[in-house]
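Have a look at the structure below, then the notes.
Just so we're clear, the structure is a prediction, and the values are computed from it rather than from any experiment. Numbered from 1 within each chain, the chains take letters A, B, ... in sequence-line order.
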Amino acid sequence: MAAIDIDGLTKRYGGDVYAVNDLDLTVQEGEVFGFLGPNGAGKSTTIDVVLDYVRPTSGSVTVLGYDAQAETRQVHERVGILPDGYGLYDRLSGREHLQYAIDLKDAADDPEDLLERVGLSAEAAARPVGGYSKGMTQRLAIGIALVGDPDLLVLDEPSSGLDPNGVRQVRDLVRRTADEGRTVFFSSHILSQVEAVCDRVAILNDGHLVAVDTVEGLRAALGTGSTVSLRVDAVPDRLPFDGLDGVSGVTVADDVVHVTVTDPTVKDDVVDLVRDGGATVLDITTREPSLEELFSTYTAAPAEQAADAVEGQR
Amino acid sequence: MTAAWATIARKEFDDAVRSRMLWAIVAVFGLVTAVMAAALSLVPQIESSAVMGLVLAGQSAQMLAPITALVAAYLAISGERESGSIKVLLGLPPSRGEVVLGKVLGRGAVIAVGLAGGLLLVAPVVLVVYGGLPVVSFAGLVLLTVILGVVFVAIAVGISAATGTRSRAMTLSIALYLGVVLLWDGVAQITYLAVAGTFPGEQIPAWYALLESLSPVGAYDAATNALLASQSTGAAVPSLAARLEGGVVPVYLSWWFMLVVLAVWGAVPLVLGYVRFSRADLA
């Protein structure tokens, strides 16, 4: 059974504004799934439909086998949620918030245990939430999401507003949750974290899914290999990389030769060839493309494609 | 397990009880009502009594209880939608219907306690000023005022459920207060003028009495009048029968029909607000 199964989801506002357009996506049980896209891509709208905050124009969503719109209670009993743009109750303390969530979820959690998991002190938990910093608020909200040992965690932009320490805590939490065999589905436009923890990634742009794959798979699909940079005493006259499979580009800047390789095993051959040309290699560095670059590649020029799809709807 | 609506109601109560503004309004309600109850004794031309003091207290309560209830509840749902806490709440198992029910019950309980507490100030004032307290009349007045307050809480929660922002909830609440509390009688009089060619005098026809009583405040006024007239001796509080042309009170002007009017005012806006909320996109 899929943790989340999104089938032909479209959400249209007004006559022709598509927040999400004919989206198909399946998140398997037990995987950490990253949902990526620039602001306004439709990530939150998709999650809002998954959580039944927003009703779809067409298409359907099932969560853990339950219909997201018709069986909302069954879904919410089993899912932990950190919504986008959420708020809390200023006059209630952190501990009261957790107790409220525990009561409403009919769960057996100990608030102290949850506080410890998200790193909130007992003093902080006794204070009204109106005086919390953004980081403390976010921790408490994540604590609420963890109530009732959910099988699936849905986190919409879990790192927004957090300091680097908080960001790391969120990442650790995602890892731990995943290690316990649970499914984690989270959206982000901060890519480094997604890269660090996700089994698979979907990239959404302008309401369309543009890619779903593993991070490695995305790299391979785009063919943007890693770059080997060789600093040499003198650049050889001849760089005969043309005959070498797995090399996709060469540039020379001052005393550095940059070679882009799509096959990691040719790196050795590249170094040998440079040496054969008569140069002494002083330094070697290699660089993997970041997800950031992949992301820009995917989302940079989709306007035409999106327009076509909207035409297709009419 | 406690039902979700009961958990929500309890949290609403605990939360609202901590609002200083709410208690300030309740204190103003109690003080103004108590002063009004005593004021009649200061007018030398009138031979005042404790029951008449309660009539004045009721006149004051029917203006103030609605606004107190509206203030206590107009943000019940719209405020949560604006702050985004509704997403946390609805991300937990409760349905939107359970949220609306819990809100009405929790805030209704707060306003019931607040209004009853405020009116308790009236009892010693009447006792001291008029030398006695008609207990049945006073208890009835408290009960009817609590009902009026809870009806306005239900109206306010309905408005709150139907709107997504504080400002729209406030605008609708003010419009409602103006229409239902302040302007209703005036509109009724103009209607009478249009039909009969004169303003209503001492004696009024039954249809006009009904028109006056169809607002929640009018129904409260008619029900308290029926209660206090039945408990007072002589003509201190004129009964409806004495005001009506023909002198016979039809069924649709009886005190229990006034309770039906109040119940309808509580239920209809609440259901409409719920229906709108249940279909809303909470983006």
Side-chain angles (χ1 to χ4, degrees), chain A residues 11-13 19 44-45 47-57 71-93 96-108 128-130 137 140-145 147-148 150 153-156, chain B residues 1-23 72 75-103 105-107 110 161 164-166 275-283:
Chain A
K11 179 62 186 181
R12 191 183 61 222
Y13 288 102
S44 280
T45 302
I47 291 179
D48 283 347
V49 175
V50 169
L51 303 179
D52 193 40
Y53 299 142
V54 163
R55 277 59 190 264
T57 306
E71 297 168 300
T72 311
R73 178 185 304 279
Q74 286 86 336
V75 171
H76 289 198
E77 280 168 354
R78 293 161 175 82
V79 177
I81 295 165
L82 180 75
D84 176 51
Y86 70 89
L88 295 173
Y89 304 103
D90 284 353
R91 285 194 290 260
L92 296 186
S93 73
E96 285 171 319
H97 275 86
L98 289 173
Q99 193 58 54
Y100 189 39
I102 290 167
D103 291 346
L104 286 176
K105 230 169 175 176
D106 203 18
V129 163
T137 305
L140 178 58
I142 291 172
I144 292 170
V147 167
L153 266 186
V154 177
L155 311 173
D156 200 351
Chain B
M1 124 184 221
T2 315
W5 56 264
T7 303
I8 294 169
R10 197 187 61 217
K11 179 249 151 200
E12 285 300 307
F13 188 88
D14 291 346
D15 194 14
V17 158
R18 289 180 211 181
S19 163
R20 288 203 197 106
M21 168 145 114
L22 186 60
W23 291 117
L75 289 177
I77 291 170
S78 60
E80 285 218 32
R81 279 177 72 175
E82 192 156 305
S83 79
S85 55
I86 197 80
K87 286 188 165 182
V88 174
L89 180 54
L90 288 176
L92 295 162
S95 65
R96 297 186 188 193
E98 285 171 322
V99 168
V100 171
L101 182 62
K103 294 275 179 186
L105 294 176
R107 306 239 170 173
V110 169
T165 63
R166 289 163 170 264
V275 168
R276 212 177 134 85
F277 179 51
S278 68
R279 293 174 185 166
D281 282 343
L282 311 173

Problem - Region of B/Glu82 in contact with chain A, defined by heavy-atom distances below 4.5 Å - result: neither
Exercise for the section: May I ask you to name which of B/Ile8, B/Asp15, B/Leu89, B/Asp14 has the most heavy-atom pairs under 4.5 Å with chain A? Expected result: B/Asp15
Exercise for the section: May I ask you to name which of A/Leu92, A/Ile81, A/Leu88 has the most heavy-atom pairs under 4.5 Å with chain B? Expected result: A/Leu92
Handout entry: Under 3.5 Å: donor-acceptor pair, side chain of B/Ser85, backbone of B/Arg81
Key = no
Handout entry: Among B/Arg10, B/Glu80, B/Lys87, residue most engaged with chain A (heavy-atom pairs, under 4.5 Å)
Key = B/Lys87
Exercise for the section: Could you have a look at A/His76, A/Arg78, A/Lys11 and say which one has the most heavy-atom pairs with chain B under 4.5 angstrom? Expected result: A/His76
Handout entry: Verdict with reasoning, A/Ser44 to A/Asp84, per side chain to side chain donor-acceptor pair (under 3.5 Å)
Key = CA-CA 7 Å; A/Ser44 280; A/Asp84 176 51; 3.2 Å; yes
Exercise for the section: Could you tell me whether a side-chain N or O of A/Arg12 sits under 3.5 Å from a main-chain N or O of A/Thr57, the two making a donor and an acceptor? Expected result: no
Handout entry: Part of A/Glu96 lying under 4.5 Å from any heavy atom of chain B
Key = side chain
Practice task
Would you indicate whether A/Arg55, at its atom CZ, is surrounded by more than 12 heavy atoms from other residues, nucleotides or ligands within a distance under 6.0 Å?
Solution key: yes
Handout entry: Sidechain-backbone polar pair: A/Lys105 side chain, A/Val147 backbone, donor-acceptor under 3.5 Å
Key = yes
